[in-house]
Amino acid sequence: MVHRNGIYLRFGNLVHYLSLFFGLLLPITSWSTTKEPLVVILDPGHGGGDPGATAKLAKRLISEKDIALAIALRTRKNLENPEYWGPLGRPVKAILTRESDRQVSLEDRSAFARRNKALLFVSIHSNADPSRKARGIETFFLNNTTEAVGLKIEEIENRLSKRHAKGNDEQLLIRSVVADAMVEDSRLAAEKIQASSIAHIKSRGFDVHDRGARQALLYVLLDSQVPAVLFEAFFLSHPKDLEFISQPENRQVVAEGLAQGILRYLALQ
Ligand SMILES: [Zn+2]
């Protein structure tokens with residue numbers, strides 16, 4: 001009994017000294033971790049030989065790839081601005097999957113998120129609708145169940161991704177099982193991004209159609225292994241939307257709303 005008590009005491013002392021030691025370390029480690037930036041991947045859709053959706057505005061060709069890159073660059077600037085991330089108490093680092101007009105493979109886009117330990121992957125696009133009637137903003141999150149909605153967007157955004165994806169559909173779906181746990185976080189991110197974007201654009205006096213946060217089976221989101229959303233900024237196929245999004249100052253407003261939505265999601269982490 002005495003012997004066991006002795007061991008207990010010595011063990012107790014050890015625990016005591018260890019807790020003292022780590023107690024001293026804790027303020028240092030927590031100080032350093034609070035300075036670690038929160039990483040977000042911004043993925044401008046398409047690029048290079050793949051223009052995405054295109055439209056003509058006063059003889060000028062407007063390409064989705066250019067709109068997406070412009071919004072992504074402005075969103076990064078906002079996210080990395082202390083005035084934006086200040087309330088979080090931690091800086092935000094936004095990494096783009098492309099910073100110029102070049103093609104990026106599906107694997108490289110999703111590998112970005114894994115390699116950089118990102119908290120969120122945001123693919124940025126502009127929409128198109130053959131009927132030319134649809135307009136507004138919508139944000140998709142991954143649903144890898146068969147009841148996935150948003151069939152039109154799947155067709156448009158998956159057509160090219162599929163061609164560039166290595167492996168077949170089945171392999172992609174197997175890998176997507178990992179993403180299952182991310183569905184709820186992705187839904188939350190999509191809701192914050194959608195609501196913030198609509199509210200911010202409206203607050204600037206612009207008319208914008210709110211198409212909501214919706215689920216879809218999207219190849220670019222399947223393999224990211226972090227919460228992932230696809231943001232569709234306006235319809236290039238709608239004359240009013242096209243006119244709006246072709247203006248740089250309006251893209252700035254869109255990027256501000258998008259950045260605010262991303263930060264609202266990060267604040268919940
Ligand atoms: Zn697209």
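If you're wondering where the values come from, they're calculated on a predicted model, not measured in any experiment.
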**Q** Hey, is the main chain of F235 close enough, under 3.5 Å, to the side chain of D241 for a donor-acceptor pair?
**A** yes
**Q** Thinking salt bridges, do E249 and R204 make one under a 4.0 Å N-O criterion?
**A**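 Not counted as a salt bridge, because no side-chain N and carboxylate O are separated by less than 4.0 Å.
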**Q** Run S237 and R132 through side chain to side chain donor-acceptor pair (under 3.5 Å) and show every step you take.
**A** CA-CA 5 Å; S237 49; R132 306 171 74 88; over 6 Å; no
**Q** Taking L268 as the starting point, is it possible to reach V122 by hopping between hydrophobic residues whose side chains are less than 4.5 Å apart?
**A** yes
**Q** How close do S186 and A228 get, heavy atom to heavy atom, and via which atoms?
**A** OG-N, 3.0 Å
**Q** Do the side chain of N116 and the main chain of A118 share a donor and acceptor less than 3.5 angstrom apart?
**A** no
**Q** For residues A190 and F141, report the shortest heavy-atom separation together with the two atoms involved.
**A**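 Heavy atoms of A190 and F141 come nearest at CB-CD2, 3.7 Å.
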**Q** Which atoms form the tightest heavy-atom contact between A233 and S126, and what is the distance?
**A** O-OG, 2.8 Å
**Q** Is there a side-chain contact between L258 and I71 (heavy atoms, below 4.5 Å)?
**A** yes
**Q** In plain terms, say whether R187 and E184 are close enough for a salt bridge, that is, a side-chain N and a carboxylate O under 4.0 Å apart.
**A**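 Between E184 and R187 there is a salt bridge, with a charged N closer than 4.0 Å to a carboxylate O.
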**Q** What is the minimum heavy-atom distance between R102 and R98, and which atoms define it?
**A**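 Closest heavy-atom pair between R102 and R98: O-CD, 3.2 Å.
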**Q** To the closest 0.5 Å, what do you measure between CG (N250) and CZ (F206)?
**A**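 N250 atom CG to F206 atom CZ measures 4.5 Å (nearest 0.5 Å).
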**Q** Could you give the distance from CD (Q194) to CD (E138), rounded to the nearest 0.5 Å?
**A**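 The CD atom of E138 is 7.5 Å from CD of Q194, to the nearest 0.5 Å.
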**Q** In terms of relative ring orientation, are H125 and H46 parallel, tilted or perpendicular, with 30° and 60° separating the classes?
**A** perpendicular
**Q** Kindly indicate, with the supporting measurements, whether the criterion side chain to side chain contact (heavy atoms under 4.5 Å, CB included) is fulfilled by W85 and N78.
**A** CA-CA 9 Å; W85 61 256; N78 293 331; over 6 Å; no
**Q** For the residue pair R114 and F112, would you count it as a cation-pi contact if the rule is NZ or CZ under 6.0 angstrom from the ring centre and within 45 degrees of the ring axis?
**A** no
**Q** Has the side chain of E64 got a donor or acceptor atom that lies under 3.5 Å from a matching backbone atom of G52?
**A**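 Side chain of E64 to backbone of G52, a donor-acceptor pair under 3.5 Å: no, none is there.
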**Q** With a 4.0 Å cut-off on N to O distance, would you call E256 and R74 a salt bridge?
**A** no
**Q** When you check the gap from the basic side-chain N to the acidic O, do K65 and D50 get nearer than 4.0 Å?
**A**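 The answer is no: the pair does not qualify as a salt bridge.
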**Q** S246 side chain to E243 main-chain N or O, any donor-acceptor pair under 3.5 Å?
**A**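 Pair found, side chain donor or acceptor close to backbone of E243.
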**Q** How long is the span from the CZ atom in R90 to the CG atom in L38, to the nearest 0.5 Å?
**A** 4.5 Å
**Q** Atom CG of L96 and atom CG of D43: how far apart are they, to the nearest 0.5 Å?
**A**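 These two atoms lie 8.5 Å from each other.
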